[in-house]
Engineer: 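Next up is a structure, given as structure tokens.
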Number of protein chains: 2
Amino acid sequence: MREAALRAAIELIAQQGYAATSMAQVAAAAGISPSGLAHHFPSKNALLGAVLDHRDAEDTFVRERSHEPWSAFDHMVHVARRNMGRRRLVALYMTMIGEAVAPEHPAHAWMVRHYADVLDTLRDQLRADQQRGTVREDAPVEAIARSMVSLMDGLQVQWLLDESVDMAAVLAESVAAMKRTWGTELV
Amino acid sequence: MREAALRAAIELIAQQGYAATSMAQVAAAAGISPSGLAHHFPSKNALLGAVLDHRDAEDTFVRERSHEPWSAFDHMVHVARRNMGRRRLVALYMTMIGEAVAPEHPAHAWMVRHYADVLDTLRDQLRADQQRGTVREDAPVEAIARSMVSLMDGLQVQWLLDESVDMAAVLAESVAAMKRTWGTELV
DNA sequence: GTCTATAGAACGATAGAC
DNA sequence: GTCTATCGTTCTATAGAC
């Protein structure tokens, strides 16, 4: 079954990375032969594409429009909390990021798009808040957005090493500090 | 020459990761045969060990003792600035982190030790500053230390994707915010 | 210290039967 | 949709000559 093969691939790539995972391993974990796997995914690259599509579908950080100040930032805290119950998804994300920084990696384009999307969402939120007067005019939009993404990414690494780390709490602390520093009294 | 082989290995692992790099590739890049390489590094694992040792030697974030408030944090900003001229070192670090989150990875123990060292240094600094009265007693030491490490790591990913990102400036901005939020007037 | 030669296994991918 | 069979390649590692 295609579904079982996809799940097996996600599990293995999350644990070992894409380069270290072989088609034979995926096939064995799915309970079929390598050729049976090849029927659904004619190449290793095609399998990776399906894995990334599945990941994006499960990742809820979509561009959402809200008029609440800092709502995109609060939403990331919420995502962090939910991720603390989804180790497989977090591990898959981090192994992909680590491999796909290389420009030649088959997932590099996916990674570039992912960062562009998240950064754009945060930048848009900050600029909209500035126009509404809930974020100070002199707030460094670019630095704040990039810091938020860095915190999100870095905390996932530390949480994978030690699940007692409360990603959401640490992130919420930083978001609160951002609000204190760059928010206006209008909030 | 052992030196040339080590340099080739660092270059290739930085670009492709450990799993995707073969001994034959390293040997070719070093201008020797795979067997010539095997003389210096009898196994791929031994080569990885040498690469990690070399990385640690080049990484200057040693436990340093200073009585300046926040000096460990200011030092990380300095390291970030210096890293902006060392793409190979940054790329090697990120690919290793991505792979070594897996507990079975040969570099996992190295990664665990690395994070323990950096986090301990930052925690010690914050606690010492609290005792000296330059950091507020109610400052969340653990969250601040983990946030700092996350910022450092995450910014390196973003910088690898787009070298126009000023890691040091973004990090300095966050450190300044931390000082405003948790520092006392004694600073 | 570097080489040739080679072992033995795993790799991705394809062809064709059922 | 899954299989057997197999191609050609690449992999890590070892043995032994120079």
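A quick note: this is a predicted structure, and the numbers were derived from the prediction, not measured. Lettering of chains follows the sequences in order, A, B, ..., and the numbering in each one begins at 1.
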Engineer: Please assess B:Gln16 against B:Thr95 for the test side chain to side chain donor-acceptor pair (under 3.5 Å), listing each intermediate value before the final yes or no.
Structural biologist: CA-CA 8 Å; B:Gln16 313 171 330; B:Thr95 58; over 6 Å; no
Engineer: Would you kindly give the CE-to-P distance between B:Met23 and C:dG8, to the nearest whole Å?
Structural biologist: 20 Å
Engineer: With under 30° as parallel and over 60° as perpendicular, where do the rings of B:Phe73 and B:Trp70 fit, or are they tilted in between?
Structural biologist: perpendicular
Engineer: Taking it one step at a time, do A:Asn45 and A:Ser43 satisfy side chain to side chain donor-acceptor pair (under 3.5 Å)?
Structural biologist: CA-CA 5 Å; A:Asn45 229 297; A:Ser43 73; 5.7 Å; no
Engineer: Rounded to whole angstrom units, what separation is found between the NE2 atom of A:His40 and the C1' atom of D:dT2?
Structural biologist: 8 Å
Engineer: Which atoms form the tightest heavy-atom contact between A:Asp153 and A:Met94, and what is the distance?
Structural biologist: O-SD, 4.0 Å
Engineer: Hey, are B:Lys179 and B:Asp74 close enough for a salt bridge, meaning a charged N less than 4.0 Å from a carboxylate O?
Structural biologist: yes
Engineer: What does the 5'-to-3' dot-bracket notation of DNA chain D look like when only Watson-Crick and G-U wobble pairs under 3.5 Å count, and pairs to other strands show as |?
Structural biologist: ||||||||||||||||||
Engineer: Thinking salt bridges, do A:Glu11 and A:Arg7 make one under a 4.0 Å N-O criterion?
Structural biologist: no
Engineer: Between CD of B:Glu58 and CZ of B:Arg88, what distance do you get to the nearest 0.5 Å?
Structural biologist: 9.0 Å
Engineer: Check DNA chain C against residues 41-54 of chain B and give the residues with a non-hydrogen atom under 4.0 Å, in numerical order.
Structural biologist: none
Engineer: Once you round it to whole Å, what is the distance between P of D:dC3 and NE2 of A:His39?
Structural biologist: 11 Å
Engineer: Is there side-chain contact between A:Leu151 and B:Ser147, with heavy atoms separated by less than 4.5 Å?
Structural biologist: yes
Engineer: Between A:Tyr93 and A:His114, is the gap from one ring center to the other below 6.0 Å?
Structural biologist: yes
Engineer: Looking at residues 28-35 of chain B, who's got a heavy atom less than 4.0 Å off DNA chain C?
Structural biologist: B:Ile32, B:Ser33, B:Ser35
Engineer: Can you check whether A:Ser22 has a side-chain N or O nearer than 4.0 Å to OP1 or OP2 of C:dC11?
Structural biologist: yes
Engineer: Can you check the A:Leu37 CG to C:dC11 P distance for me, whole Å?
Structural biologist: 13 Å
Engineer: Are A:Asp59 and A:Arg55 within salt-bridge range, i.e. N to O under 4.0 Å?
Structural biologist: yes
